[in-house]
Q: 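Pasting a structure below so you can have a look.
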Amino acid sequence: MPELPEVETICRGLALRMEGRRLIRVEQYRPDLRLPLPEGLPGRLTGRRVVTIGRRAKYILVHLDDATVLMIHLGMSGRMVIGDDPETPPGRHDHVVFFTDDRGVIRFNDARRFGLMALSHRDALDSHALLADLGPEPLGNDFNALRLAAALAGRQRSIKAVLLDQTIVAGLGNIYVSEALFRSGISPLRLAASLDAAEAERLVTAIRTVLTEAIAAGGSSLRDYVQSSGEAGYFQHQFAVYGRAGQPCPGCCCDSAGTGGIQRIVQNNRSTFFCPHRQR
DNA sequence: CGGCAAACCTGCGAGC
DNA sequence: TGCTCGCAGGTTTGCC
């Protein structure tokens, strides 16, 4: 479900509500999500104070005052829902619920259970198995045209598949890959190794701007994503291609002479949306 | 190395 | 109304 902009938006909402608060109770309603939940999870969190909420790729990182870090991945359908009534009983698909010392309630809700939680120690976080192989943050200084070009060199896979690979760059998902490729004018079908330096540069710029704009809009709300506040994000109204098969390409607006509009194709078993006329 | 399908699981909308 | 089908923001695994 959520890609980097949605996770970033959720983190910001959680930070406002959780930083500085003590967890006075944690309830767990099932033993597993995509993976087993950590052994003794409620006991290891109860009584701890939340120091900061951070993010790495699509992981929410809850830093606690004993140097424990709770790592949360939302999978496709996971949500972190903030409430203010500790008496409300858990809803359908609420799997873990956190209660704070100021009567706050944060519910991890995940219908499909593709999400996961794990625990780490602050000092071992970067080498944790879930994070160790992740590529650079696309909005960080380590992500630039030179590095991307180096990562693409020799790759005989489509640029679409490579951008979804979290070890190349961490945080993009199916929506923002399509949007970034559109903005850079590069076809999703191109082999990664075929991009030249100028195209890598355009792609880096497109990735950074689309993510930045999406964060500013509070993410994209399709089926079930909402911010922790319950509000929807609104970047979906700015999609150029995602989910717009058959509609006119916003970049070909003055050329109505049958460019075919936005096409939907399937790559690596996932939908890709693009304009074959504009993306080469 | 890379493509491809399936797996994990539930919900929703479309079409009959 | 109720059924089946296809689709969904992610990631992993196994097979060719």
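Just so we're on the same page: letters track the sequence lines, and every chain starts at 1. Below, each value reflects all heavy atoms present in this structure, side chains not excepted, and no hydrogens, waters or symmetry copies.
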Q: Which residues in residues 156-174 of chain A have a heavy atom closer than 4.0 Å to any atom of DNA chain B?
A: A/Gln156, A/Arg157, A/Ser158
Q: For the pair made of CD1 in A/Ile175 and C1' in C/dG10, what is the distance, rounded to whole Å?
A: 12 Å
Q: Are A/Ile72 and A/Val50 connected in a single hydrophobic cluster, I mean Ile/Leu/Val/Met/Phe/Trp/Tyr linked by side-chain heavy atoms less than 4.5 Å apart?
A: yes
Q: Below the 4.0 Å mark, does B/dG11 have OP1 or OP2 next to a side-chain nitrogen or oxygen of A/His93?
A: yes
Q: Tell me the ring-ring contact (aromatic ring centres under 6.0 Å, His included) pairs involving residues 56-90 of chain A, sequence neighbours left out?
A: A/Tyr59-A/His73
Q: Determine whether A/Phe239 and A/Phe273 fall in the same hydrophobic cluster, where Ile, Leu, Val, Met, Phe, Trp and Tyr are linked whenever their side-chain heavy atoms lie under 4.5 Å apart.
A: yes
Q: To the nearest Å, how far apart are A/Phe108 CZ and B/dC9 C1'?
A: 13 Å
Q: What interatomic distance, in whole Å, is found between P of C/dC5 and the corresponding atom of B/dA6?
A: 15 Å
Q: Between A/Phe182 and A/Arg278, is there a cation-pi geometry (under 6.0 Å to ring centre, at most 45° from the normal)?
A: yes
Q: How close or far is atom C1' of C/dA8 from atom CZ of A/Arg79, stated in whole angstroms?
A: 14 Å
Q: Determine whether more than 12 heavy atoms belonging to other residues, nucleotides or ligands lie under 6.0 Å from atom CG of A/Asp196.
A: yes
Q: In whole angstrom, what separates A/Leu33's CG from C/dT11's P?
A: 15 Å
Q: Send over the distance from A/Lys58 NZ to C/dT11 P, rounded to a whole Å.
A: 4 Å
Q: Do other residues, nucleotides or ligands put more than 12 heavy atoms under 6.0 Å from A/Leu146 CG?
A: no
Q: Ignoring the backbone of A/Arg155, work out which of B/dG2, C/dG10, B/dG11 is nearest its side chain.
A: B/dG2
Q: Sticking with atom P, work out how far C/dG6 lies from B/dA5, rounded to a whole angstrom.
A: 14 Å
Q: Roughly how many Å is it from CD in A/Glu6 to C1' in C/dG10, rounded to a whole number?
A: 13 Å
Q: Taking only the C1' atom of each, what is the distance from C/dG10 to B/dC1 in whole angstrom?
A: 23 Å
Q: Does some side-chain heavy atom of A/Leu61 sit less than 4.5 Å from a side-chain heavy atom of A/Ile53?
A: no
Q: Between C/dG9 and A/Arg270, is there an OP1 or OP2 to side-chain N/O distance shorter than 4.0 Å?
A: yes
Q: Between A/Met80 (CE) and C/dG9 (P), how many Å, whole number?
A: 22 Å
Q: How long is the line joining CG of A/Leu134 and C1' of C/dG10, in whole Å?
A: 13 Å
Q: Can you give me the N/O atom pairs linking the protein to nucleotides 4-8 of chain B at distances under 3.5 Å, or say none if there are none?
A:
unit_1, atom_1, unit_2, atom_2, d
B/dA5, OP2, A/Asn269, OD1, 3.2
B/dA5, N7, A/Asn269, ND2, 2.7

Q: Between A/Gln236 and A/Tyr234, do the side chains contain an N or O donor and an N or O acceptor separated by less than 3.5 Å?
A: no
Q: So, does A/Ser271 get its side chain near the phosphate of C/dA8, meaning an N or O under 4.0 Å from OP1 or OP2?
A: yes
Q: Can I get a per-line list of side-chain donor-acceptor pairs under 3.5 Å for residues 113-122 of chain A, giving both atom names and the distance, sequence neighbours left out?
A:
unit_1, atom_1, unit_2, atom_2, d
A/His121, ND1, A/Asp123, N, 3.1

Q: Who pairs with A/Glu39 by side-chain contact (heavy atoms from CB on, under 4.5 Å), at least two apart in sequence or on another chain?
A: none
Q: Mind pulling the stems DNA chain C is in, i.e. runs of at least three Watson-Crick or G-U pairs, everything under 3.5 Å?
A: B:2-8 with C:10-16, B:10-16 with C:2-8
Q: For a quick test of reading the model, state the closest non-hydrogen atom pair linking A/Ala200 to A/Leu148 and the distance between them.
A: O-CD2, 4.0 Å
Q: If Ile, Leu, Val, Met, Phe, Trp and Tyr residues are connected whenever their side-chain heavy atoms lie under 4.5 Å apart, and connections chain through other members, are A/Ile10 and A/Val69 in the same group?
A: no
